[in-house]
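Keep in mind it's a predicted model, so treat the numbers as computed, not measured. The sequence lines fix the lettering, A, B, ..., with proteins before strands; numbering per chain opens at 1.
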Amino acid sequence: MSQPHSRRESLPPSTPATVSVFASPASWIESDALDQCQQVAALDGMIHVAAMPDLHPGKGAPIGAAMASTVLYPFLVGSDIGCGIAVFPIRLKRVVPERLAARFPDLDRALDPERDANDPAWAVVHCEIPAGHLEGLGTVGRGNHFVELARVDTVCDSGHAARLGLDAGDLVLIVHSGSRGLGERILRAHTEVHGAGPVSDPAAYLAMHDDAVRWGSLNRRLMAARVAYALGAEPSEPFVDQCHNLVEVHDGVYLHRKGAAPGDGRDVLIAGTRGTSSYLVAAHAGPDANHSVAHGAGRKMSRADALRRGRAKHTVDELRRTAVGSLVVCGDRQLLFEEAPTAYKRIEQVIADLVDHHLATPVATTTPLVTYKTPDLGPTHRPDRRDQRRKRGRV
DNA sequence: ATGTTC
């Protein structure tokens with residue numbers, strides 16, 4: 001077993017917080033992200049920072065880290081409070097990716113209780129809408145968010161998979177999304193007064209935070225139902241739904257997760273990329289890892305780099321029809337380059353690091369068939385001037 | 001990641 005402390009940085013004696021990086025030397029971790037871990041470790045009240053193998057630099061705080069502290073810092077969770085990944089079983093009669101891709105609903109358009117009163121997706125809502133927040137309900141958002149139809153590929157632990165009711169060849173919907181404008185509003189309200197400082201009233205923040213976590217989970221269920229109906233299937237209960245951006249309170253300690261999934265005995269889907277497999281794992285991370293595991297492959301390049309280098313390296317067509325034969329529904333060219341599989345680390349290495357450090361055990365892999373990002377260029381699309389210029393050139 | 005955008 002490789003030691004999680006092999007990369008423990010030397011800390012000034014005045015800083016009691018420890019930093020553990022759960023990655024092998026073979027895994028590339030940007031030094032900026034490690035610097036951010038040290039900056040977090042130096043915050044008042046910080047106890048322990050556990051960095052996952054998908055660690056990469058974020059805005060202020062690193063992404064792919066679980067941070068335990070006696071003080072609650074909203075910026076360590078970020079604006080997308082409640083973001084997570086849910087996996088739903090889905091049964092379809094015919095699986096023709098091209099046909100299915102064309103049937104995905106418009107997940108940029110929110111569900112409106114009045115206008116869409118008859119939408120059957122509302123059936124999955126069994127509670128009040130958290131915070132009464134209707135804006136953006138049922139929408140996927142942007143960035144690394146997606147809704148993916150995938151097929152269970154390799155079953156690594158047949159007993160565990162059977163307990164979940166999963167078998168090789170089964171179809172699933174993977175939904176990665178969060179609390180949209182609600183979480184952003186909650187962080188902004190804090191930041192406008194306190195910046196990156198701690199909350200003065202943890203209970204008040206946590207009440208709003210918990211609403212955003214519930215809203216994010218409900219949003220994933222609503223989207224899964226919208227997609228299931230649109231593809232001619234019935235909605236289903238998720239067998240995995242884990243939030244990787246949140247704060248948990250344990251015995252007076254605030255455990256901030258930022259791109260780090262709960263790893264204490266739960267099953268987690270660790271997302272690959274739009275063009276590579278994802279891994280369903282049984283997570284069993286202990287206190288050294290702040291009870292957390294990775295949440296995905298992790299970015300290897302910044303969005304700006306991915307855009308610049310991707311334009312030289314890829315065509316739009318190869319990003320929309322991937323190496324594994326899956327389709328990517330995405331009418332936003334820039335996003336397509338930013339989210340290119342080559343902009344991410346290899347998911348196999350991330351999983352290997354978790355296994356080597358005894359944080360997780362693979363249960364099954366999934367292979368994408370159709371990944372939805374944002375509505376495709378429709379038949380009514382009229383390219384603007386810039387698009388026309390690109391069309392004549394490479395892109 | 002988000003809402004907003006002269």
Tell me what Arg180(A) touches on the nucleic acid: a base, only sugar-phosphate, or nothing, going by heavy atoms under 4.0 Å. sugar-phosphate
Exactly one of Arg214(A), Arg220(A), Arg266(A) clears salt bridge (charged side-chain N to carboxylate O under 4.0 Å, His left out) with Asp241(A), and that residue is Arg220(A)
Aromatic centroids of His291(A) and His284(A) separated by under 6.0 Å: no
Do Arg299(A) and Glu339(A) meet the salt-bridge criterion of a basic N to acidic O distance under 4.0 Å? yes
Parallel, tilted or perpendicular, as decided by the 30° and 60° cut-offs, for the rings of His176(A) and Phe146(A): perpendicular
Count the heavy atoms of every other residue, nucleotide or ligand shown that sit under 6.0 Å from CD of Glu135(A), and state whether that count exceeds 12. no
At a 4.0 Å cut-off to heavy atoms of chain A, the contacted part of DNA chain B spans dA1(B) to dG3(B)
